[in-house]
There are 2 protein chains.
Amino acid sequence: MRKMPELPDIYILSKSMNDVLQSRMITGVKVNQEKCLNMTPVKFRNRVRNCKFESIHQRGKWVIAELDSKWSIASNLGMGGEIRLFHEGTKPNPKFHRVVIELDKGDWLGINHWWFGHVHLVPKGDFSSHSQLSKLGPEPLADDFTVDKLKAMLDKKRGRIKSYLLDQSFVAGIGNVYVQDILWYARIHPDRSVNALTPNDIEKLHWAIQQVLKEGIEYGGGLREQDIWGNEGTYIEHRQIGYRTGEPCPECSTIIEEIRVGQTTSYICPHCQV
Amino acid sequence: MRKMPELPDIYILSKSMNDVLQSRMITGVKVNQEKCLNMTPVKFRNRVRNCKFESIHQRGKWVIAELDSKWSIASNLGMGGEIRLFHEGTKPNPKFHRVVIELDKGDWLGINHWWFGHVHLVPKGDFSSHSQLSKLGPEPLADDFTVDKLKAMLDKKRGRIKSYLLDQSFVAGIGNVYVQDILWYARIHPDRSVNALTPNDIEKLHWAIQQVLKEGIEYGGGLREQDIWGNEGTYIEHRQIGYRTGEPCPECSTIIEEIRVGQTTSYICPHCQV
DNA sequence: GCATCAAACAAAGA
DNA sequence: CTCTTTGTTTGATG
């Protein structure tokens, strides 16, 4: 079961990259899958070679690595992707490492993704020209993501709440893994229409979003998601309800059900979540 | 129960207008509901006064009355509307006759509609500038509305068949009255997806569309729809299935059911229509 | 099903 | 939902 890394996973990855890569020099780039770039490999290589990494951070499900030039590398890992640091003596596998970024001292970064990953070059600090990044909604862990803001964002809207949480232009970084616990903590059924949420529901939801994402980060990310060294997070062991069909709800012991919501699977406690 | 006049009803009305109004002179216009026009009453009046009617015909659910100028009057009666000819000595009722067209010899046309009717002036023979008329689909009784054409129109489409029949941009003139018998004659359930129709289904459907609409015209229109003199049609007495909840299907005697299809009501024989 | 618009939803493609 | 595109459906409004 491969999942797409979500906000906490990308946060952990970005942090590990930030810790290790600052002021490391890019000495070369090998591209084994052209279409994951947003320009030709030659152009990409010319623009990043001999640049050094500056700060690296997470934005939604994207890793943003700023260079000491006018560019940032923006990478979206797609399904089951990863970015790993390797040392001199190991060799990349062309089938696996879609993009290889060679560093000084013989080290290299291997960027892998199973399907639909992106390694884009974007103007540093200006995402307006990038179709996906420019549309991202607010960061749910940022200071300005307040309850009032969430209320305003949901005002006059209609569709089901789960669609909004998964919509990257509504709020950035939540996917089908963390959304399960978010809705469970908020005691909201994924099918509930947004206009049927009370102010109290939205307050619980806001708390649950931040609670679950912070927990994900504390546990070092979930599932098989890894940092730059390949460490695994433990969120998956601590999750409350996602992918626990048939197990008892931690709150009320009702059996957890698996239902379809739109085109995604949801795991719910039919007693707690209404 | 007020219904909107549909193709056969508008055909009957247009024909009676064509028979009576040709070369009659418009001597004045009184407007009691400005918003049903597409220009100011003054402009409308100036453009039609002293013009004579030329031919008058039906297009979809619209009456198109050509004048001996560069304009046509295009009227859509909306819910339960009518156009009636009155003679000298009678007086229009301002609450009822939204637009009054005064004719020579003291006669006048009273255009009434309960809700959402239009009396527009459009360039004669050129509907391209009119948002509704320009989007109308083919006339279902025209020679070029062939089985092959209908097949092509439905090719690669997805939604339910009833939505298409009611969509004026797909085919013009069918509403929620005549569509009932059309689907019954074709033995097609209104909920059936278009991509589940066989070529044979489409052939039956094509035949049923023309059969039902022609029948409507032969009976002088349906329900309370009237010609310019106020005569009532008798289609409603001869209808097969529409608005006959609880009665037996004329074909197999199964009880006719009333179901919701989208936001409209459908009357079906659950045995005959699959 | 009355017509338009906007938002939400669904299927398919990359 | 991974994101886009395209097409269909639904809801609010006159």
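The chains referred to below are lettered A, B, ... by the order of the sequence lines, with proteins before strands, and numbering in each begins at 1.
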(request) Could you encode protein contacts along nucleotides 6-14 of chain D as a string, one character per nucleotide from 5' to 3', using B for base contact, S for sugar-phosphate-only contact and - for no contact, with a heavy-atom cut-off of under 4.0 Å? (result) -SSSSB--B
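- Residues B:D9 and B:Y178 bring a donor and an acceptor atom of their side chains to less than 3.5 Å of each other.
- Taking atom CD on A:Q132 and atom C1' on D:dC3, their separation rounds to 6 Å, with Å as the unit.
- Checking the phosphate oxygens (OP1, OP2) of D:dC3, no side-chain nitrogen or oxygen of A:S131 falls inside 4.0 Å.
- A:N176 and A:K162 share a donor-acceptor pair across their side chains, judged by distance under 3.5 Å alone.
- Checking B:H113 against B:Q33 by side-chain atom types alone, a donor-acceptor pair falls below 3.5 Å.
- Side-chain atoms of A:Y185 and A:Q240 include a donor-acceptor pair closer than 3.5 Å.
- Counting only N and O atoms by type, the side chains of A:E139 and A:Q58 include a donor and acceptor under 3.5 Å apart.
- D:dC3 atom C1' lies 11 Å from atom NE2 of A:H120, rounded to whole Å.
- A salt bridge links A:R160 and A:D191; the closest N-O separation between the charged side-chain nitrogens and carboxylate oxygens is under 4.0 Å.
- Inspection of the A:T265 and A:R260 side chains reveals an N or O donor paired with an N or O acceptor under 3.5 Å.
- D:dT2 atom P lies 17 Å from atom NZ of A:K135, rounded to whole Å.
- Within the 4.5 Å cutoff, the side chain of B:P123 has heavy atoms near those of the B:W71 side chain.
- Overall, the helix from C:dC2-D:dG14 to C:dA14-D:dT2 carries an axis bend of 20° between its ends, with five pairs at each end and the value rounded to 10°.
- Within 4.0 Å of B:N176, counting heavy atoms only, lie sugar-phosphate atoms of the nucleic acid but no base atom.
- Between B:V99 and the choices B:I73, B:N32, B:L37, B:N112, the side chain to side chain contact (heavy atoms under 4.5 Å, CB included) rule is met once, by B:L37.
- A donor-acceptor contact under 3.5 angstrom links the side chains of B:Y235 and B:D181, judged on distance only.
- Note: A:H206 and A:F145 have parallel aromatic rings, judged against thresholds of 30 and 60 degrees for the angle between ring planes.
- From the 5' end on, the contacts that DNA chain C makes with chain A at under 4.0 Å to a non-hydrogen atom open and close at C:dA7 to C:dA14.
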